[in-house]
Amino acid sequence: MGLNKKTYTKDDKNTFCEDIRSGRKACKDGYLFAMTTEEIIFCKSDSANYDEEKLFRLGLDIRIFNLEGERKWFRSGIGRDYRYRERMDDENVTADKLHYWDEYHFLDIDDAKTEKKNIFVQKGMVYATGGGTYPLPVEKYKDAKIKIRNYLGEDPDTGELYVEDWRLVALKEGE
């Protein structure tokens, strides 16, 4: 299974930005999802709608993903080092369904409010049921879902399976 890990210190801004750009190129036909201290960014991975340096300063969880894999940068708070995890699916994973399982989750969208305010058509944004808005890079938002892949590990003592990691895989457009 393709799994790489790494850490970025406060002085690794240039390497971080280069790696974000590299991840964008590697995940063609994919997406970038980022939670920062100021906003949620959700766009196509080849979009120019985000600034790598701003992600380095304000990001908490950044994921660039497509059907083949995910690159994830994360930290517990501003001023902390970023950790990085890259998970790529190879034949060892996809050949045996015991290594993973996929599930779809509905996205948190208040259809009525989004429709009433016409915000999706105007700005590509949707309202969440609890309030607030976030961008959604799809053509049709009603009943949109996100595909999540869960990777399974096996406890060596009991043989019990558990979810050892998960990643974002794809968006499924709604109506």
Side-chain angles (χ1 to χ4, degrees), residues 1-7 19-36 39-47 49-50 55 59-76 82-112 114-115 120 124-130 132-175:
M1 177 169 2
L3 183 63
N4 296 314
K5 296 180 180 181
K6 152 185 197 179
T7 301
D19 288 349
I20 291 279
R21 286 190 292 274
S22 172
R24 288 174 54 190
K25 289 178 187 170
C27 286
K28 290 180 181 171
D29 299 323
Y31 300 92
L32 175 130
F33 177 80
M35 289 186 292
T36 75
E39 65 184 327
I40 290 177
I41 302 166
F42 203 174
C43 59
K44 300 261 185 184
S45 59
D46 59 359
S47 172
N49 293 342
Y50 55 91
L55 289 177
L60 297 171
D61 189 326
I62 303 156
R63 296 167 184 261
I64 300 176
F65 63 95
N66 66 6
L67 296 174
E68 289 82 36
E70 179 187 72
R71 287 151 176 84
K72 175 183 172 185
W73 295 262
F74 57 102
R75 60 184 172 177
S76 59
Y82 273 102
R83 288 179 285 153
Y84 171 80
R85 187 266 288 134
E86 177 183 312
R87 183 173 286 276
M88 303 305 290
D89 291 345
D90 58 21
E91 302 90 37
N92 294 329
V93 172
T94 56
D96 187 352
K97 280 287 218 177
L98 286 178
H99 287 122
Y100 73 95
W101 99 84
D102 292 337
E103 57 187 340
Y104 287 89
H105 290 249
F106 283 101
L107 296 173
D108 180 14
I109 301 170
D110 184 333
D111 290 343
T114 299
E115 201 169 286
F120 187 75
M125 306 283 282
V126 293
Y127 279 94
T129 56
T133 61
Y134 65 92
L136 187 59
V138 297
E139 296 290 323
K140 301 173 184 174
Y141 68 89
K142 287 187 179 182
D143 294 327
K145 297 176 185 174
I146 192 155
K147 182 178 182 179
I148 297 172
R149 176 158 294 161
N150 297 280
Y151 296 92
L152 303 176
E154 184 178 339
D155 184 285
D157 297 329
T158 65
E160 190 173 292
L161 293 177
Y162 64 94
V163 175
E164 67 179 11
D165 197 9
W166 63 274
R167 74 174 183 88
L168 302 177
V169 178
L171 287 175
K172 183 176 178 189
E173 291 199 27
E175 298 174 15

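- Nearest heavy-atom pair, Gly23 versus Ile64, reported as atom, atom and distance to 0.1 Å: O-CG2, 3.6 Å.
- Remark: the Asp108 side chain and the Thr129 side chain contain an N/O donor-acceptor pair separated by less than 3.5 Å.
- For the salt bridge (Lys or Arg N to Asp or Glu O under 4.0 Å) test with Asp165, the passing option among Lys72, Arg87, Lys5 is Arg87; the others fail.
- Taking the centre of each ring, Tyr84 and Trp73 come in below the 6.0 Å mark.
- Remark: side-chain polar atoms of Thr114 are paired, donor with acceptor, to backbone N or O of Tyr127 under 3.5 angstrom.
- For Arg83, the CZ atom sits in a loose shell: 12 or fewer heavy atoms of surrounding residues, nucleotides or ligands are nearer than 6.0 Å.
- Counting only distance, with no hydrogens or angles, the side chain of Asn66 and the backbone of Gly69 share a donor-acceptor pair below 3.5 Å.
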Walk me through whether Ile148 and Val169 qualify under side chain to side chain contact (heavy atoms under 4.5 Å, CB included). CA-CA 6 Å; Ile148 297 172; Val169 178; 6.0 Å; no

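- The two atoms that bring Asp111 and Tyr141 nearest to each other are OD1-CE1, 3.6 Å, heavy atoms only.
- Annotation: the span from Thr133 atom OG1 to Glu39 atom CD amounts to 10.0 Å, rounded to 0.5 Å.
- Nearest heavy atom pair, residue Ala128 against residue Asp110, reads O-CB, 3.9 Å.
- Side chain to side chain, Tyr31 and Arg63 fail the donor-acceptor criterion of an N or O pair below 3.5 Å.
- Salt bridge status for Asp89 with Arg149: present, with a side-chain N to carboxylate O gap under 4.0 Å.
- Summarising the local packing, CG of Asp102 is surrounded by more than 12 heavy atoms from other residues, nucleotides or ligands at distances under 6.0 Å.
- Using a 4.0 Å cut-off between charged side-chain N and carboxylate O, Arg85 and Glu70 make a salt bridge.
- Atoms CG and CG, on Asp46 and Leu32 in that order, are 11.0 Å from each other to the nearest 0.5 Å.
- Side-chain contact between Phe106 and Ile146: absent, with no pair of heavy atoms (C-beta onward) separated by less than 4.5 Å.
- In plain terms, the two heavy atoms of Ile62 and Ala34 that are nearest each other are CG1-CB, 4.0 Å.
- The line from CD1 of Ile20 to OG of Ser45 is 11.5 Å long, rounded to the nearest 0.5 Å.
- Distance check, rounded to the nearest 0.5 Å: NZ of Lys44 to CG of Leu171 gives 8.0 Å.
- Rounding to the nearest 0.5 angstrom, the gap separating the CG atom in Leu136 from the CD1 atom in Ile109 is 5.0 Å.
- Here the CD atom belonging to Glu154 is positioned 6.0 Å from the CG atom belonging to Leu161, to the nearest 0.5 angstrom.
- Within the structure, every pair that satisfies the salt bridge (charged side-chain N to carboxylate O under 4.0 Å, His left out) test and touches residues 133-143, not counting sequence neighbours, is listed here: Glu115-Lys142.
- At least one donor-acceptor pair closer than 3.5 Å links the side chain of Arg75 to the backbone N or O of Gly59.
- Nearest approach of Arg71 to Cys27, heavy atoms of both residues: NH1-SG, 3.3 Å.
- A distance below 6.0 Å separates the ring centres of Phe33 and Phe42.
- Within the 4.5 Å cutoff, the side chain of Lys147 has no heavy atoms near those of the Lys145 side chain.
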